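Report on the structure given below.
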Amino acid sequence: MTIRIATWNVNSVKARLVALTDWLDTAKPDVVLLQETKCVDEEFPRLELESRGWHLAVRGQKTYNGVAVLSRIPIVEEVRRFAGDAGEARYIEAKLENGVRVASIYVPMGQSTESDRFPFKLAFLDAIRERATQLLTLEEPFVLGGDYNVAPEEADVFDVAAMEGQVLFHPEERQRFRRLLFLGLTDAYRAFHSEPHRFSWWDYRAGAWQRDQGLRIDHLLLSPQAADRLVAADIDRGPRGKEKCSDHTPVWCELSDLPPS
């Protein structure tokens with residue numbers, strides 16, 4: 001048996017509800033980490049999802065941001081406070097009944113490298129590292145998934161020259177992402193795929209999807225205890241090609257149900 005964990009920036013859970021439920025029914029993940037739900041907790045479509053058997057942990061915000069965990073496995077613990085979010089709904093953590101801990105993370109885009117949001121983004125990435133360091137002391141399997149708004153390597157962008165020094169591919173962002181990996185975390189997708197130009201986000205503008213001009217900015221980072229159980233990972237491009245789609249597409253990994261013997 002395996003557990004399939006996916007991350008997806010849905011760019012408004014209410015606007016994409018049909019697309020989300022269709023994908024849940026066909027892809028059959030066990031846990032889904034959502035970002036940019038863009039609604040307060042009271043407006044989150046609980047009935048539609050709970051009636052389908054999903055357990056929910058939700059942290060919303062009007063119009064912007066918003067994160068959630070959807071799980072087929074009961075949730076036994078939630079963490080809603082996060083030192084680096086300045087009150088914005090960008091992080092929620094849940095421990096599942098099977099002992100796996102997951103977090104849905106929405107890192108600020110940063111707007112531009114000249115914006116005051118860029119230092120906030122860097123500080124947020126530092127705070128994720130601090131939280132990951134705390135979680136590693138628990139020696140639990142955990143997955144920190146979400147829209148990191150960072151393309152870590154040259155292979156993760158459609159045009160290195162065009163992106164050099166820009167937000168999403170700036171050296172300071174990439175350095176902070178590497179510092180996460182240097183803690184001992186595993187990028188689930190890269191554990192199985194070394195090929196370049198496999199993306200998780202395509203801008204709505206300028207025919208980026210049709211020309212496959214994207215970035216890999218959505219990631220699942222695994223603790224050593226989770227990485228030991230990692231058996232598969234990939235990007236599901238299907239939802240991005242559908243009508244009224246999010247500009248992101250799901251990224252998923254599978255963990256074996258029991259630690260390797």
Side-chain angles (χ1 to χ4, degrees), residues 1-9 23-24 26-35 55 57 67 69-77 91-105 107 125 128-129 131-148 150-153 155-156 174 177-201 216-239 248-261:
M1 296 288 292
T2 61
I3 172 175
R4 177 172 287 204
I5 301 171
T7 182
W8 191 7
N9 179 323
W23 182 77
L24 293 174
T26 56
K28 300 189 182 305
D30 300 291
V31 180
V32 184
L33 313 174
L34 298 181
Q35 301 86 44
H55 303 273
V67 285
V69 175
L70 283 56
S71 178
R72 292 288 187 190
I73 303 155
I75 295 169
V76 297
E77 179 186 330
Y91 183 96
I92 191 164
E93 185 183 305
K95 185 171 182 178
L96 310 181
E97 192 176 61
N98 65 355
V100 175
R101 188 181 296 267
V102 297
S104 180
I105 300 170
V107 175
L125 289 165
I128 293 173
R129 186 179 187 275
R131 180 57 180 160
T133 301
Q134 295 168 351
L135 292 176
L136 285 167
T137 65
L138 302 177
E139 299 187 352
E140 294 177 343
F142 67 76
V143 178
L144 305 181
D147 176 3
Y148 281 76
V150 178
E153 304 294 340
D156 300 318
R174 296 167 62 198
F177 191 89
R178 285 194 299 272
R179 290 185 73 219
L180 272 171
L181 298 182
F182 292 163
L183 289 175
L185 305 186
T186 295
D187 179 341
Y189 178 78
R190 279 291 176 228
F192 293 92
H193 301 275
S194 60
E195 66 272 21
H197 300 161
R198 294 289 306 277
F199 308 129
S200 64
W201 173 83
R216 190 177 73 95
I217 58 176
D218 301 89
H219 309 291
L220 295 162
L221 303 186
L222 279 56
S223 70
Q225 294 80 8
D228 283 347
R229 297 162 58 175
L230 181 63
V231 295
D234 212 338
I235 299 169
D236 184 351
R237 289 171 56 101
H248 294 251
T249 208
V251 179
W252 59 268
C253 71
E254 284 187 4
L255 309 181
S256 62
D257 196 35
L258 295 172
S261 57

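What you see is a predicted model; the values in this text were computed from it and never measured. Side-chain atoms are counted along with the backbone in the values below, which use heavy atoms only and exclude waters and symmetry mates.
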Shortest non-hydrogen contact from [X] to [Y]?
X	Y	value
L33	G145	CD1-CA, 3.7 Å
S71	V31	OG-CG2, 3.9 Å
W8	P239	CZ2-CB, 3.7 Å
C253	L222	SG-CD1, 4.4 Å
F199	I235	O-CG2, 3.4 Å

Would you say the side-chain atoms of [X] pair up with the backbone N or O of [Y], donor to acceptor, closer than 3.5 Å?
X	Y	answer
T2	E254	no
T249	D236	yes
S104	L34	yes
D228	Q225	no
R229	D257	yes

Whether W201 and H248 hold their rings parallel, tilted or perpendicular, with breakpoints at 30° and 60°: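 Taking H248 first and then W201, their aromatic rings sit tilted (interplane angle of 30° to 60°).
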Contacts of H193 that satisfy side chain to side chain donor-acceptor pair (under 3.5 Å) - sequence neighbours left out: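 So H193 forms a side chain to side chain donor-acceptor pair (under 3.5 Å) with E195.
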Partner of D156 by side-chain hydrogen bond (donor to acceptor under 3.5 Å, both in side chains), out of H197, H219, R190: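 With D156 as partner, side-chain hydrogen bond (donor to acceptor under 3.5 Å, both in side chains) holds for just one option, R190.
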Separation of [Y] [atom2] from [X] [atom1] (nearest 0.5 Å):
X	Y	atom1	atom2	answer
E140	T137	CD	OG1	9.0 Å
L220	S200	CG	OG	10.0 Å
S223	L135	OG	CG	8.5 Å
L136	L183	CG	CG	6.0 Å
D30	L70	CG	CG	12.0 Å
L125	F177	CG	CZ	9.0 Å

Do the non-hydrogen side-chain atoms of [X] and [Y] ever get within less than 4.5 Å of each other?
X	Y	answer
D147	T7	no
L221	I128	no
I217	N9	no
D234	R198	yes
E93	R131	yes
V150	R174	yes
Y148	I105	yes
F192	L230	yes

Heavy atoms from other residues, nucleotides or ligands near CD of E139 exceed 12 (cutoff 6.0 Å):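 12 or below, so no.
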For L96, the option from I75, I5, V76 that meets side chain to side chain contact (heavy atoms under 4.5 Å, CB included):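 Among I75, I5, V76, the one meeting side chain to side chain contact (heavy atoms under 4.5 Å, CB included) with L96 is I75.
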K95 vs L138, side chain to side chain contact (heavy atoms under 4.5 Å, CB included): CA-CA, chis, key distance, verdict: CA-CA 12 Å; K95 185 171 182 178; L138 302 177; over 6 Å; no
